[in-house]
Amino acid sequence: PKKVKSGNTPKQRTIGTASSLKYLWITPTNITDFGTIGNEERITCTSNNLNKNAMLLVNRTSRGGRGEYVGIAMFYDVALYGKAQHNQGVYKVSEYLDTDLLFMTSFMNCKYMREYCSGLSIGSKMKEMKANQFLEIPFPNFPESKKLEIGNIYKEIYNLLENNKQLI
């Protein structure tokens with residue numbers, strides 16, 4: 001539980017697309033269905049909440065009717081994107097090795113888990129999952145070599161998507 005944190009929207013902030021704004025702004029609508037950054041927004045605020053590599057989980061959305069967009073995961077690479085701020089529609093999972101974060105992100109984005117999260121999500125207008133529901137997801141306990149292999153494949157695909165955003 002200590003490794004899963006909800007985001008927040010700072011009371012004092014400036015949000016927009018100007019590159020002069022200090023941090024990347026991460027909301028459910030800024031994460032694509034493929035777990036990459038879609039429309040880039042930025043934010044300036046007094047302090048930010050995303051300073052280390054993490055898995056980001058979309059925990060609520062009004063898209064779709066069955067909750068199929070709840071639980072989409074993104075590997076947030078601080079070296080690639082810089083420091084950021086994520087809002088309350090996104091949970092941050094951190095304090096794991098990058099190998100584990102990449103594996104967990106890949107697992108959460110597989111078709112089976114999309115259906116699993118859809119079934120767990122609740123709400124009539126905005127489907128969502130609470131932190132305790134994410135904490136109960138049974139992650140496979142693969143050998144380190146298999147997690148590394150899966151994580152590397154995910155990162156290759158992720159890099160291709162990031163470098164070819166016009167294809168998404």
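What you see is a predicted model; the values in this text were computed from it and never measured.
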Hydrophobic clusters here meaning ILVMFWY residues chained together by side-chain heavy-atom distances under 4.5 Å, can you tell me if I43 and I26 are in one? no
Apply side-chain hydrogen bond (donor to acceptor under 3.5 Å, both in side chains) to residues T9 and Q88 and explain how you reach the verdict. CA-CA 7 Å; T9 301; Q88 58 275 17; 3.0 Å; yes
Go through it in stages, so that I can follow the logic: the residues are L148 and L102, the test is side-chain contact (heavy atoms from CB on, under 4.5 Å), and I'd like the CA-CA distance, side-chain angles, deciding distance and then a yes or no. CA-CA 8 Å; L148 182 62; L102 286 162; over 6 Å; no
Taking Y76 as the fixed residue, which of L101, L24, V93 is the one that meets the side-chain contact (heavy atoms from CB on, under 4.5 Å) rule? L24
Determine, for K155 against D98, whether the closest basic-nitrogen to carboxylate-oxygen distance falls under 4.0 angstrom. no
Tell me if the centroids of the rings in Y91 and F134 come within less than 6.0 Å of each other. yes
What class does the angle between the rings of F139 and F107 fall in, given that below 30° is parallel, 30 to 60° is tilted and above 60° is perpendicular? tilted
Ionic contact status for E95 with K52, cut-off 4.0 Å: yes
Might you work through the side-chain contact (heavy atoms from CB on, under 4.5 Å) test for E40 and N30, ending with a clear yes or no? CA-CA 7 Å; E40 284 194 26; N30 295 350; over 6 Å; no
Single hit among D100, N152, T99 for side chain to side chain donor-acceptor pair (under 3.5 Å) with K147: D100
Treat each ILVMFWY residue as a node, draw an edge where side-chain heavy atoms are under 4.5 Å apart, and state whether M104 and L80 are in one component. yes
Counting only heavy atoms not in N132, do more than 12 sit closer than 6.0 Å to its CG atom? yes
Determine whether Q85 and N8 satisfy the following criterion, side-chain hydrogen bond (donor to acceptor under 3.5 Å, both in side chains), listing intermediate values before the conclusion. CA-CA 8 Å; Q85 174 74 20; N8 67 310; 3.0 Å; yes
